[in-house]
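What you see is a predicted model; the values in this text were computed from it and never measured.
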Amino acid sequence: MGKKIKIIECADQLGLGGTEYALQLYCKYLDKERFDVTAVGLYKGGEREKLISDLGINVVVLNGDFEKFETLIRQTDVFHWHGYGQVDNKLFAFLNKNKPRLIIQTNVFGHFEKSRYYDLIDFDLYISKMILVRRMKLDKAFADQYAYKRKVLPYPVDIDFLKGKDIEPGGQEVIKFKQMHNIADCFVVGRVGRADDHKFDVITLIAFKEYLKYNREAKFLLVGATKNMKSVIKKLKITDSVVILNNTSDMRQLLTYYKAMDVFLAASNIGESFGMVMAEAMSMGVPVVTISTPAKDNAQVEVVDNGVTGFVSYRLKETIAQAINEISSNPLLAKEMGKNSIDKISCSYNAQAIVYSLEQLVFDKLGVEFEKRPSLIVDWGDNLKVDYKNRCNELFGEIDKLGKVKVWYYQTLAFKVYNKLSGIIRKKLS
């Protein structure tokens with residue numbers, strides 16, 4: 001065995017967010033016989049410091065100390081940056097001064113700045129096809145769209161951990177939970193997410209009320225609720241049909257929530273750049289009903305295969321309710337979709353396969369011998385555009401002209417709101 005490849009997995013901080021979770025999974029699954037791994041919190045640490053350290057990984061929190069960063073980077077072969085796409089000028093100035101053999105960016109939000117420092121990045125990896133399609137469309141005016149280094153490598157989902165006997169709750173445990181909350185004999189629609197109005201579209205609750213016309217005994221399990229969500233529930237007069245629970249960092253408890261659901265209903269005001277909660281629900285065999293949001297982030301149409309692992313609907317209460325009813329009234333379809341969901345997550349987002357795909361990229365670029373296996377990295381090409389366009393067009397349900405007007409109006413309005421929110425977020429990040 002030759003000298004190990006020194007790799008730094010780095011993010012702004014090491015908190016409990018999805019970006020940091022992905023970093024943790026790379027640290028966990030990188031081959032320790034071939035890689036010497038260091039996790040770095042560039043500006044601050046957080047709850048994942050201990051979680052990563054417990055994996056036997058060296059963790060360094062720099063608190064913005066770039067002199068210490070410069071010392072670290074001089075000894076590094078590969079720098080893997082987990083960021084939002086904006087160029088951190090101070091970080092990249094030091095990378096320019098002491099460039100490792102390879103710089104990789106996992107681009108969470110698909111942002112891009114026309115900067116000389118962008119040329120330092122060898123591979124810009126987008127976490128969904130949708131983000132890359134949108135990025136290339138936005139950059140079509142540029143002579144160089146960087147197609148040679150822009151690729152797709154999805155977020156890793158730790159399916160082996162989630163399906164482990166010590167983590168995945170058993171049937172009796174789920175039954176006991178449902179009995180405790182008086183939902184044992186009900187069809188359960190559910191949502192898990194941050195208590196954040198930006199991450200929750202009220203069409204979720206409006207559509208559930210519409211679904212109650214099909215099944216008055218149904219319940220909605222809402223994990224993570226804001227004051228506004230509770231107000232909407234009250235105004236819709238569905239309080240008796242909704243069970244509200246606080247979010248949790250206890251994974252076994254979280255998986256119990258998922259497994260108590262018959263359908264996971266996912267609709268976000270800002271769309272999804274990936275959709276980890278949907279992937280987690282699907283890993284538990286839960287069909288997903290979601291909406292297409294082409295004016296915003298829209299990775300949910302990739303995670304959910306319409307008619308196979310669930311349904312992708314228009315943002316209309318009628319079609320969403322019909323999609324839920326299609327599943328609730330057909331147990332065989334629900335079972336098949338649940339099985340397909342587990343297969344989809346296992347095949348397309350398995351953490352070990354995704355990390356090995358990154359390893360192969362590194363080995364190939366550095367000229368290191370390796371065993372070639374199928375890679376989950378997708379290069380830019382017209383097939384991505386066609387697939388995304390088809391997924392946006394081939395939605396569940398039939399809608400009339402008025403429905404099309406409603407969808408158009410919402411998407412136009414949403415696009416304006418999204419741009420405004422994006423501007424605010426960019427200012428906060430800069």
Describe, in one word, how the ring planes of [X] and [Y] are oriented to each other, choosing from parallel (under 30°), tilted (30 to 60°) and perpendicular (over 60°).
| X | Y | result |
| --- | --- | --- |
| F396 | F311 | tilted |
| F208 | F220 | perpendicular |
| F109 | H111 | perpendicular |

Closer than 4.0 angstrom, basic N to acidic O: yes or no for [X] and [Y]?
| X | Y | value |
| --- | --- | --- |
| R373 | E371 | yes |
| R252 | E168 | no |
| K44 | E49 | no |

Using the six-membered ring of [Y], assess whether NZ or CZ of [X] lies under 6.0 Å from its centre and within 45 degrees of the ring axis.
| X | Y | answer |
| --- | --- | --- |
| R150 | F112 | yes |
| R134 | Y388 | no |
| K114 | F142 | yes |

Look up atom [atom1] in [X] and atom [atom2] in [Y], then write down how far apart they are to the nearest 0.5 Å.
| X | Y | atom1 | atom2 | result |
| --- | --- | --- | --- | --- |
| M278 | S268 | CE | OG | 9.0 Å |
| L125 | Q105 | CG | CD | 8.5 Å |
| I203 | I320 | CD1 | CD1 | 4.5 Å |
| I103 | D122 | CD1 | CG | 6.5 Å |

Return yes if a side-chain donor-acceptor contact under 3.5 Å exists between [X] and [Y], otherwise no.
| X | Y | result |
| --- | --- | --- |
| D124 | Y126 | yes |
| Y29 | D158 | yes |
| Y258 | E280 | yes |

Query raised in the report: Do any pairs count as a salt bridge (charged side-chain N to carboxylate O under 4.0 Å, His left out) and have a residue in residues 346-359, sequence neighbours left out, and if so which ones?
Result: none
**Report entry** Worked verdict on K389 versus E394 for salt bridge (Lys or Arg N to Asp or Glu O under 4.0 Å)
**Finding:** CA-CA 9 Å; K389 183 179 180 181; E394 296 169 3; over 6 Å; no
Report task. Looking only at non-hydrogen atoms, find the nearest pair between R194 and N247 and report the distance. Result -> N-ND2, 3.9 Å
Query raised in the report: What do you reckon, are the aromatic ring centroids of Y349 and F274 less than 6.0 Å apart?
Result: yes
Query raised in the report: Between K6 (side chain) and F35 (backbone), is there a donor-acceptor pair under 3.5 Å?
Result: no
Requested in this report: Could you give me the CA-CA distance, side-chain angles and deciding distance for N298 and S292, then say whether side-chain hydrogen bond (donor to acceptor under 3.5 Å, both in side chains) is met?
Outcome: CA-CA 6 Å; N298 203 20; S292 179; 3.2 Å; yes
Report task. In sequence, state the C-alpha distance, the side-chain angles, and the governing distance for Y155 and Y21, and then conclude on ring pair (Phe, Tyr, Trp, His ring centres under 6.0 Å). Result -> CA-CA 9 Å; Y155 258 177; Y21 180 50; 8.4 Å; no
Report task. Apply the test side-chain hydrogen bond (donor to acceptor under 3.5 Å, both in side chains) to residues Y43 and D88: give CA-CA distance (whole Å), side-chain angles for both, the deciding distance (0.1 Å), then the verdict. Result -> CA-CA 12 Å; Y43 293 109; D88 183 318; 2.6 Å; yes
Requested in this report: Pick out which of L91, N98, I104 makes a side-chain contact (heavy atoms from CB on, under 4.5 Å) with F79.
Outcome: L91
